[in-house]
Amino acid sequence: MDIKSIDKEYIIGTYKRFPIEIVRGKGSLVYDENGKEYIDMGSGIGVTSFGIADDEWKKAICCQLDKVQHMSNLFYTEPCAMLAKLLCEKTGMKKVFFSNSGAEANECAIKAARKYSEETNGKDAYLIVTLENSFHGRTVTTLAATGQEHYHELFNPLTDGFAHIKAGDIDALRKMCNEKKIAAVMIECIQGEGGVIPLEKSFVKELRQFTEENNILLIVDEVQTGNGRSGELYSYMNYGVEPDIVTTAKGLAGGLPIGAVLFNEKTQNVFGYGDHGSTFGGNPVSCAAALSVLNRIDSDLLNGVKLKSEYIFNKLSECPEVESVDGMGLMIGIKTKKPVSEVLEKCIENGVLCLTAKDRLRLLPALNISDDVLKKAVDIIIESC
Ligand SMILES: *Cc1c(COP(=O)(O)O)cnc(C)c1O
(Lines give C-alpha, C1' and ligand atoms only; values in the text may rest on other atoms or scores of the structure.)
Protein backbone atom coordinates (compact mmCIF):
# COMPACT_ATOMS: atom_id res chain seq x y z
CA MET A 1 0.00 0.00 0.00
CA ASP A 2 1.22 3.52 -0.72
CA ILE A 3 1.23 6.31 1.86
CA LYS A 4 -2.05 7.81 0.65
CA SER A 5 -3.93 4.52 1.07
CA ILE A 6 -2.37 3.83 4.48
CA ASP A 7 -3.29 7.35 5.62
CA LYS A 8 -6.84 6.93 4.33
CA GLU A 9 -7.20 3.61 6.11
CA TYR A 10 -5.69 4.57 9.48
CA ILE A 11 -6.13 8.34 9.95
CA ILE A 12 -9.55 9.45 11.10
CA GLY A 13 -11.35 11.42 8.44
CA THR A 14 -11.13 15.01 9.68
CA TYR A 15 -8.93 16.31 6.87
CA LYS A 16 -9.75 16.47 3.18
CA ARG A 17 -6.22 16.11 1.81
CA PHE A 18 -5.05 16.94 -1.69
CA PRO A 19 -3.76 13.85 -3.53
CA ILE A 20 -0.15 14.90 -2.96
CA GLU A 21 2.44 13.55 -0.55
CA ILE A 22 5.04 16.15 0.39
CA VAL A 23 8.36 14.43 1.01
CA ARG A 24 10.85 17.27 1.39
CA GLY A 25 11.53 20.94 0.78
CA LYS A 26 13.90 23.86 1.12
CA GLY A 27 12.87 27.43 1.79
CA SER A 28 9.70 28.18 -0.16
CA LEU A 29 10.01 25.15 -2.46
CA VAL A 30 8.56 21.72 -1.64
CA TYR A 31 8.59 18.44 -3.57
CA ASP A 32 6.05 15.64 -3.83
CA GLU A 33 6.55 11.87 -4.06
CA ASN A 34 7.14 12.12 -7.82
CA GLY A 35 9.71 14.90 -7.52
CA LYS A 36 7.30 17.60 -8.75
CA GLU A 37 8.25 21.04 -7.40
CA TYR A 38 5.76 23.43 -5.82
CA ILE A 39 6.09 26.97 -4.48
CA ASP A 40 4.71 26.95 -0.94
CA MET A 41 2.42 29.97 -0.50
CA GLY A 42 0.73 28.52 2.61
CA SER A 43 3.65 27.76 4.98
CA GLY A 44 1.70 25.00 6.70
CA ILE A 45 -0.97 27.64 7.55
CA GLY A 46 1.43 30.40 8.52
CA VAL A 47 3.76 28.17 10.54
CA THR A 48 7.05 27.83 8.66
CA SER A 49 7.97 31.51 9.03
CA PHE A 50 11.38 31.06 7.37
CA GLY A 51 10.37 28.27 5.02
CA ILE A 52 11.16 24.56 5.06
CA ALA A 53 14.38 23.18 6.59
CA ASP A 54 15.91 26.65 7.00
CA ASP A 55 19.60 26.32 7.98
CA GLU A 56 19.68 28.84 10.82
CA TRP A 57 16.46 27.45 12.29
CA LYS A 58 17.76 23.86 12.05
CA LYS A 59 21.00 24.87 13.76
CA ALA A 60 19.13 26.39 16.72
CA ILE A 61 17.11 23.18 17.14
CA CYS A 62 20.00 20.74 16.71
CA CYS A 63 22.10 22.71 19.16
CA GLN A 64 19.36 22.45 21.81
CA LEU A 65 18.73 18.76 21.00
CA ASP A 66 22.32 18.04 22.01
CA LYS A 67 21.67 19.61 25.42
CA VAL A 68 18.19 18.66 26.65
CA GLN A 69 14.99 17.94 24.66
CA HIS A 70 12.48 18.18 27.52
CA MET A 71 12.34 18.97 31.20
CA SER A 72 9.34 19.26 33.45
CA ASN A 73 8.25 22.75 34.42
CA LEU A 74 9.49 21.94 37.93
CA PHE A 75 12.95 23.02 36.74
CA TYR A 76 14.45 26.04 34.97
CA THR A 77 15.67 25.80 31.37
CA GLU A 78 17.46 28.52 29.44
CA PRO A 79 15.47 28.68 26.13
CA CYS A 80 12.16 29.05 27.98
CA ALA A 81 13.40 31.93 30.15
CA MET A 82 15.23 33.68 27.30
CA LEU A 83 12.25 33.42 24.93
CA ALA A 84 9.91 34.92 27.54
CA LYS A 85 12.41 37.75 28.11
CA LEU A 86 12.73 38.44 24.37
CA LEU A 87 8.93 38.41 23.87
CA CYS A 88 8.53 40.94 26.69
CA GLU A 89 11.38 43.15 25.46
CA LYS A 90 9.97 43.24 21.95
CA THR A 91 6.38 44.00 23.01
CA GLY A 92 6.53 45.80 26.36
CA MET A 93 4.42 43.04 27.90
CA LYS A 94 5.49 41.81 31.36
CA LYS A 95 5.02 38.05 31.68
CA VAL A 96 4.53 34.97 29.49
CA PHE A 97 2.86 31.56 29.77
CA PHE A 98 3.84 28.88 27.23
CA SER A 99 1.47 26.27 25.80
CA ASN A 100 1.65 24.00 22.74
CA SER A 101 -0.91 25.44 20.36
CA GLY A 102 -3.09 28.39 19.51
CA ALA A 103 -6.23 26.93 21.05
CA GLU A 104 -4.39 26.26 24.30
CA ALA A 105 -2.98 29.78 24.34
CA ASN A 106 -6.54 31.10 23.99
CA GLU A 107 -7.78 28.71 26.70
CA CYS A 108 -5.14 30.17 29.00
CA ALA A 109 -6.14 33.74 28.11
CA ILE A 110 -9.81 32.92 28.77
CA LYS A 111 -9.01 31.36 32.15
CA ALA A 112 -6.85 34.36 33.03
CA ALA A 113 -9.59 36.82 32.03
CA ARG A 114 -12.20 34.95 34.09
CA LYS A 115 -9.97 34.86 37.16
CA TYR A 116 -8.93 38.50 36.81
CA SER A 117 -12.50 39.66 36.29
CA GLU A 118 -13.93 37.62 39.15
CA GLU A 119 -11.35 39.11 41.49
CA THR A 120 -11.86 42.71 40.36
CA ASN A 121 -15.51 42.82 39.21
CA GLY A 122 -17.23 40.02 41.10
CA LYS A 123 -18.31 36.42 40.59
CA ASP A 124 -20.88 37.11 37.86
CA ALA A 125 -18.40 39.05 35.67
CA TYR A 126 -17.39 36.18 33.41
CA LEU A 127 -18.82 37.04 29.97
CA ILE A 128 -16.27 37.08 27.14
CA VAL A 129 -17.30 38.92 24.00
CA THR A 130 -15.82 37.96 20.63
CA LEU A 131 -16.64 38.93 17.06
CA GLU A 132 -18.90 37.27 14.53
CA ASN A 133 -16.86 35.48 11.86
CA SER A 134 -13.94 35.00 14.28
CA PHE A 135 -11.90 31.84 14.82
CA HIS A 136 -10.23 31.05 18.13
CA GLY A 137 -9.65 27.27 18.09
CA ARG A 138 -11.19 23.79 18.25
CA THR A 139 -11.43 22.96 21.94
CA VAL A 140 -14.91 23.05 23.45
CA THR A 141 -14.19 26.45 25.04
CA THR A 142 -12.37 28.10 22.14
CA LEU A 143 -15.16 26.85 19.85
CA ALA A 144 -17.58 28.73 22.10
CA ALA A 145 -15.37 31.80 21.59
CA THR A 146 -15.38 31.24 17.82
CA GLY A 147 -18.11 33.39 16.26
CA GLN A 148 -19.10 30.99 13.47
CA GLU A 149 -22.16 28.86 14.08
CA HIS A 150 -21.19 26.07 11.67
CA TYR A 151 -18.21 25.10 13.88
CA HIS A 152 -20.54 24.74 16.90
CA GLU A 153 -23.37 22.61 15.52
CA LEU A 154 -22.12 19.09 16.27
CA PHE A 155 -20.66 19.77 19.70
CA ASN A 156 -23.28 21.47 21.84
CA PRO A 157 -23.47 22.30 24.65
CA LEU A 158 -20.30 24.38 24.48
CA THR A 159 -18.73 26.27 27.37
CA ASP A 160 -21.06 28.90 28.77
CA GLY A 161 -20.21 32.59 29.04
CA PHE A 162 -19.52 33.76 25.50
CA ALA A 163 -21.32 36.29 23.32
CA HIS A 164 -20.60 37.63 19.84
CA ILE A 165 -21.00 41.06 18.26
CA LYS A 166 -20.56 42.23 14.69
CA ALA A 167 -17.11 43.61 13.83
CA GLY A 168 -17.40 47.41 13.81
CA ASP A 169 -20.51 47.50 16.02
CA ILE A 170 -19.27 49.25 19.15
CA ASP A 171 -22.88 50.12 20.07
CA ALA A 172 -23.69 46.42 20.40
CA LEU A 173 -20.91 46.15 22.97
CA ARG A 174 -22.20 49.23 24.82
CA LYS A 175 -25.68 47.73 24.96
CA MET A 176 -24.37 44.35 26.14
CA CYS A 177 -22.31 46.10 28.80
CA ASN A 178 -25.44 47.78 30.17
CA GLU A 179 -27.14 44.42 30.57
CA LYS A 180 -24.31 42.12 31.69
CA LYS A 181 -20.93 42.23 33.34
CA ILE A 182 -18.20 41.65 30.75
CA ALA A 183 -14.81 40.16 31.65
CA ALA A 184 -13.05 40.58 28.33
CA VAL A 185 -13.31 41.27 24.63
CA MET A 186 -11.25 39.01 22.39
CA ILE A 187 -10.44 39.87 18.77
CA GLU A 188 -8.27 38.94 15.82
CA CYS A 189 -7.13 42.22 14.21
CA ILE A 190 -7.22 40.39 10.90
CA GLN A 191 -9.82 37.62 10.81
CA GLY A 192 -7.85 34.74 9.29
CA GLU A 193 -10.15 31.74 8.94
CA GLY A 194 -13.00 34.22 8.45
CA GLY A 195 -11.64 35.24 5.04
CA VAL A 196 -8.54 37.38 5.78
CA ILE A 197 -10.50 40.48 6.76
CA PRO A 198 -8.72 43.25 8.69
CA LEU A 199 -10.76 45.12 11.31
CA GLU A 200 -11.25 48.87 10.88
CA LYS A 201 -8.64 50.93 12.68
CA SER A 202 -11.28 53.20 14.24
CA PHE A 203 -13.22 50.20 15.62
CA VAL A 204 -10.14 48.68 17.28
CA LYS A 205 -9.31 52.06 18.84
CA GLU A 206 -12.89 52.48 20.09
CA LEU A 207 -12.77 48.96 21.49
CA ARG A 208 -9.58 49.72 23.39
CA GLN A 209 -11.01 52.93 24.79
CA PHE A 210 -14.33 51.36 25.77
CA THR A 211 -12.73 48.32 27.42
CA GLU A 212 -10.32 50.52 29.34
CA GLU A 213 -13.09 52.81 30.61
CA ASN A 214 -15.19 49.86 31.75
CA ASN A 215 -12.47 47.71 33.31
CA ILE A 216 -12.90 45.06 30.61
CA LEU A 217 -9.78 43.22 29.41
CA LEU A 218 -8.79 43.35 25.74
CA ILE A 219 -7.36 40.06 24.47
CA VAL A 220 -5.82 40.02 21.00
CA ASP A 221 -5.56 36.61 19.33
CA GLU A 222 -2.33 36.81 17.34
CA VAL A 223 -2.15 33.08 16.65
CA GLN A 224 -2.21 33.60 12.88
CA THR A 225 -1.44 37.32 12.57
CA GLY A 226 1.56 37.34 14.90
CA ASN A 227 5.31 37.03 14.57
CA GLY A 228 5.88 39.31 11.60
CA ARG A 229 3.02 38.05 9.47
CA SER A 230 1.20 41.43 9.27
CA GLY A 231 4.31 43.52 8.54
CA GLU A 232 4.68 44.40 12.22
CA LEU A 233 5.81 41.98 14.92
CA TYR A 234 2.19 41.67 16.15
CA SER A 235 -0.83 42.87 14.17
CA TYR A 236 -2.15 45.10 17.00
CA MET A 237 0.96 47.23 16.43
CA ASN A 238 -0.59 48.34 13.12
CA TYR A 239 -3.57 49.70 15.09
CA GLY A 240 -1.87 51.85 17.74
CA VAL A 241 -3.45 49.97 20.67
CA GLU A 242 -2.00 47.97 23.54
CA PRO A 243 -3.87 44.82 24.59
CA ASP A 244 -4.00 43.43 28.14
CA ILE A 245 -3.38 39.87 26.95
CA VAL A 246 -1.90 38.65 23.67
CA THR A 247 -1.99 35.04 22.46
CA THR A 248 0.19 33.65 19.70
CA ALA A 249 1.29 30.32 18.24
CA LYS A 250 1.48 29.20 14.57
CA GLY A 251 4.58 30.94 13.19
CA LEU A 252 6.35 31.60 16.49
CA ALA A 253 8.65 28.55 16.45
CA GLY A 254 8.85 28.29 12.65
CA GLY A 255 7.43 24.76 12.50
CA LEU A 256 7.59 23.26 15.98
CA PRO A 257 4.56 23.25 18.28
CA ILE A 258 4.34 26.23 20.63
CA GLY A 259 1.81 28.66 22.03
CA ALA A 260 2.43 31.76 24.10
CA VAL A 261 0.27 34.07 26.18
CA LEU A 262 1.64 37.53 26.95
CA PHE A 263 0.36 39.52 29.94
CA ASN A 264 0.72 43.27 30.45
CA GLU A 265 1.33 45.28 33.64
CA LYS A 266 -2.32 44.99 34.64
CA THR A 267 -2.76 41.24 34.16
CA GLN A 268 0.76 39.96 34.93
CA ASN A 269 -0.07 38.71 38.43
CA VAL A 270 -3.38 37.01 37.65
CA PHE A 271 -1.99 33.47 38.01
CA GLY A 272 -0.24 32.05 41.05
CA TYR A 273 1.22 28.61 41.81
CA GLY A 274 -0.95 25.80 40.47
CA ASP A 275 -3.49 28.03 38.70
CA HIS A 276 -2.50 26.79 35.25
CA GLY A 277 0.04 24.46 33.69
CA SER A 278 1.18 22.38 30.74
CA THR A 279 3.46 19.34 30.46
CA PHE A 280 5.04 20.34 27.16
CA GLY A 281 4.60 24.11 27.53
CA GLY A 282 7.96 25.89 27.37
CA ASN A 283 9.64 22.86 25.78
CA PRO A 284 13.32 23.79 25.33
CA VAL A 285 13.53 22.68 21.68
CA SER A 286 10.40 24.61 20.68
CA CYS A 287 11.63 27.63 22.65
CA ALA A 288 15.11 27.47 21.04
CA ALA A 289 13.42 27.41 17.63
CA ALA A 290 11.21 30.36 18.60
CA LEU A 291 14.18 32.34 19.90
CA SER A 292 15.90 31.93 16.53
CA VAL A 293 12.71 32.96 14.67
CA LEU A 294 11.99 35.96 16.88
CA ASN A 295 15.58 37.21 16.76
CA ARG A 296 15.36 37.35 12.96
CA ILE A 297 12.13 39.39 12.88
CA ASP A 298 13.85 42.80 12.86
CA SER A 299 12.96 46.01 11.02
CA ASP A 300 14.77 44.85 7.85
CA LEU A 301 12.75 41.66 7.70
CA LEU A 302 9.49 43.53 8.44
CA ASN A 303 10.28 46.03 5.68
CA GLY A 304 10.77 43.09 3.34
CA VAL A 305 7.38 41.70 4.38
CA LYS A 306 5.76 45.07 3.58
CA LEU A 307 7.46 45.33 0.16
CA LYS A 308 6.53 41.75 -0.80
CA SER A 309 2.99 42.47 0.39
CA GLU A 310 2.76 45.57 -1.79
CA TYR A 311 3.98 43.58 -4.78
CA ILE A 312 1.28 40.92 -4.28
CA PHE A 313 -1.47 43.51 -3.69
CA ASN A 314 -0.47 45.54 -6.79
CA LYS A 315 -0.13 42.58 -9.13
CA LEU A 316 -3.34 40.84 -8.07
CA SER A 317 -5.43 44.03 -7.95
CA GLU A 318 -4.58 44.55 -11.63
CA CYS A 319 -5.83 41.09 -12.58
CA PRO A 320 -9.27 41.32 -14.27
CA GLU A 321 -10.24 37.89 -12.87
CA VAL A 322 -9.76 39.16 -9.29
CA GLU A 323 -12.64 40.96 -7.53
CA SER A 324 -10.76 42.19 -4.47
CA VAL A 325 -7.60 41.72 -2.44
CA ASP A 326 -7.67 42.02 1.36
CA GLY A 327 -5.34 41.48 4.28
CA MET A 328 -2.13 42.90 5.62
CA GLY A 329 1.54 42.04 5.22
CA LEU A 330 1.99 38.47 4.03
CA MET A 331 -1.51 37.46 5.09
CA ILE A 332 -3.61 38.01 2.00
CA GLY A 333 -7.11 36.97 0.91
CA ILE A 334 -8.12 37.12 -2.75
CA LYS A 335 -11.71 37.13 -3.92
CA THR A 336 -11.67 35.60 -7.39
CA LYS A 337 -14.42 35.72 -10.03
CA LYS A 338 -14.17 31.96 -10.57
CA PRO A 339 -15.09 29.69 -7.61
CA VAL A 340 -12.12 29.57 -5.27
CA SER A 341 -11.95 25.74 -5.29
CA GLU A 342 -11.38 25.81 -9.06
CA VAL A 343 -8.65 28.43 -8.77
CA LEU A 344 -6.96 26.52 -5.95
CA GLU A 345 -6.95 23.31 -7.97
CA LYS A 346 -5.43 25.12 -10.95
CA CYS A 347 -2.75 26.70 -8.72
CA ILE A 348 -1.72 23.30 -7.38
CA GLU A 349 -1.73 21.79 -10.87
CA ASN A 350 0.51 24.67 -11.99
CA GLY A 351 2.89 24.19 -9.05
CA VAL A 352 1.76 26.67 -6.39
CA LEU A 353 0.35 25.55 -3.01
CA CYS A 354 -2.19 28.06 -1.67
CA LEU A 355 -4.83 27.99 1.05
CA THR A 356 -8.42 29.13 1.17
CA ALA A 357 -10.42 30.96 3.83
CA LYS A 358 -14.18 31.02 3.26
CA ASP A 359 -14.60 32.11 -0.39
CA ARG A 360 -11.10 33.59 -0.66
CA LEU A 361 -7.80 32.28 -1.88
CA ARG A 362 -5.47 32.76 1.10
CA LEU A 363 -1.73 33.39 0.87
CA LEU A 364 0.59 33.00 3.87
CA PRO A 365 4.04 32.61 2.30
CA ALA A 366 7.28 32.42 4.26
CA LEU A 367 8.33 35.85 5.54
CA ASN A 368 11.64 35.54 3.69
CA ILE A 369 10.33 34.19 0.37
CA SER A 370 12.75 35.42 -2.29
CA ASP A 371 11.51 38.03 -4.77
CA ASP A 372 12.03 35.83 -7.82
CA VAL A 373 10.18 32.85 -6.32
CA LEU A 374 7.39 35.19 -5.20
CA LYS A 375 7.13 36.71 -8.68
CA LYS A 376 6.87 33.24 -10.22
CA ALA A 377 4.14 32.25 -7.72
CA VAL A 378 2.12 35.42 -8.33
CA ASP A 379 2.32 34.92 -12.11
CA ILE A 380 1.04 31.36 -11.72
CA ILE A 381 -1.76 32.47 -9.36
CA ILE A 382 -2.86 35.13 -11.86
CA GLU A 383 -2.78 32.58 -14.66
CA SER A 384 -4.83 30.18 -12.50
CA CYS A 385 -7.48 32.83 -11.81
C1 LIG B 1 -5.13 28.61 13.96
C2 LIG B 1 -5.77 29.54 14.90
C3 LIG B 1 -6.11 29.15 16.20
C4 LIG B 1 -5.94 27.72 16.69
O5 LIG B 1 -4.60 27.34 16.74
P6 LIG B 1 -4.22 25.79 16.91
O7 LIG B 1 -2.72 25.83 17.05
O8 LIG B 1 -4.68 25.08 15.69
O9 LIG B 1 -4.89 25.32 18.13
C10 LIG B 1 -6.64 30.09 17.05
N11 LIG B 1 -6.83 31.36 16.66
C12 LIG B 1 -6.52 31.78 15.42
C13 LIG B 1 -6.74 33.20 15.05
C14 LIG B 1 -6.00 30.88 14.49
O15 LIG B 1 -5.72 31.28 13.24
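Whatever order the structure lists ligands and atoms in, that order sets their numbers, starting from 1. Numbers for residues simply follow the sequence, beginning at 1.
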Check your understanding: Under the 6.0 Å and 45° cation-pi test, does R296 pair with F50?
Key -> yes
Check your understanding: Taking 4.0 angstrom as the limit, do R174 and D169 come out as a salt bridge?
Key -> no
Study note, to complete from the structure: Residues with a heavy atom under 4.0 Å from ligand 1, by chain and number, are S101, G102, A103, N106, F135, H136, G137, E188, D221, V223, Q224, K250
Check your understanding: Residues two or more places apart in sequence or in another chain: which of them pass salt bridge (charged side-chain N to carboxylate O under 4.0 Å, His left out) with D7?
Key -> R17
Name each donor-acceptor pair under 3.5 Å that joins a side chain in residues 376-385 to protein atoms two or more places apart or in another chain, with its distance.
{"from": "D379", "atom 1": "OD2", "to": "K375", "atom 2": "NZ", "distance (Å)": "3.3"}
{"from": "S384", "atom 1": "OG", "to": "N350", "atom 2": "ND2", "distance (Å)": "3.1"}
{"from": "S384", "atom 1": "OG", "to": "I380", "atom 2": "O", "distance (Å)": "2.7"}

Check your understanding: Does the side-chain hydrogen bond (donor to acceptor under 3.5 Å, both in side chains) test come out yes or no for S230 and S235, once each step is laid out?
Key -> CA-CA 5 Å; S230 74; S235 69; 5.2 Å; no
Give the table of side-chain donor-acceptor pairs shorter than 3.5 Å for residues 352-360, with sequence neighbours excluded, one pair per line with atom names and distance.
{"from": "K358", "atom 1": "NZ", "to": "N133", "atom 2": "OD1", "distance (Å)": "2.3"}
{"from": "K358", "atom 1": "NZ", "to": "Q148", "atom 2": "OE1", "distance (Å)": "3.3"}
{"from": "R360", "atom 1": "NH1", "to": "D326", "atom 2": "OD2", "distance (Å)": "3.2"}

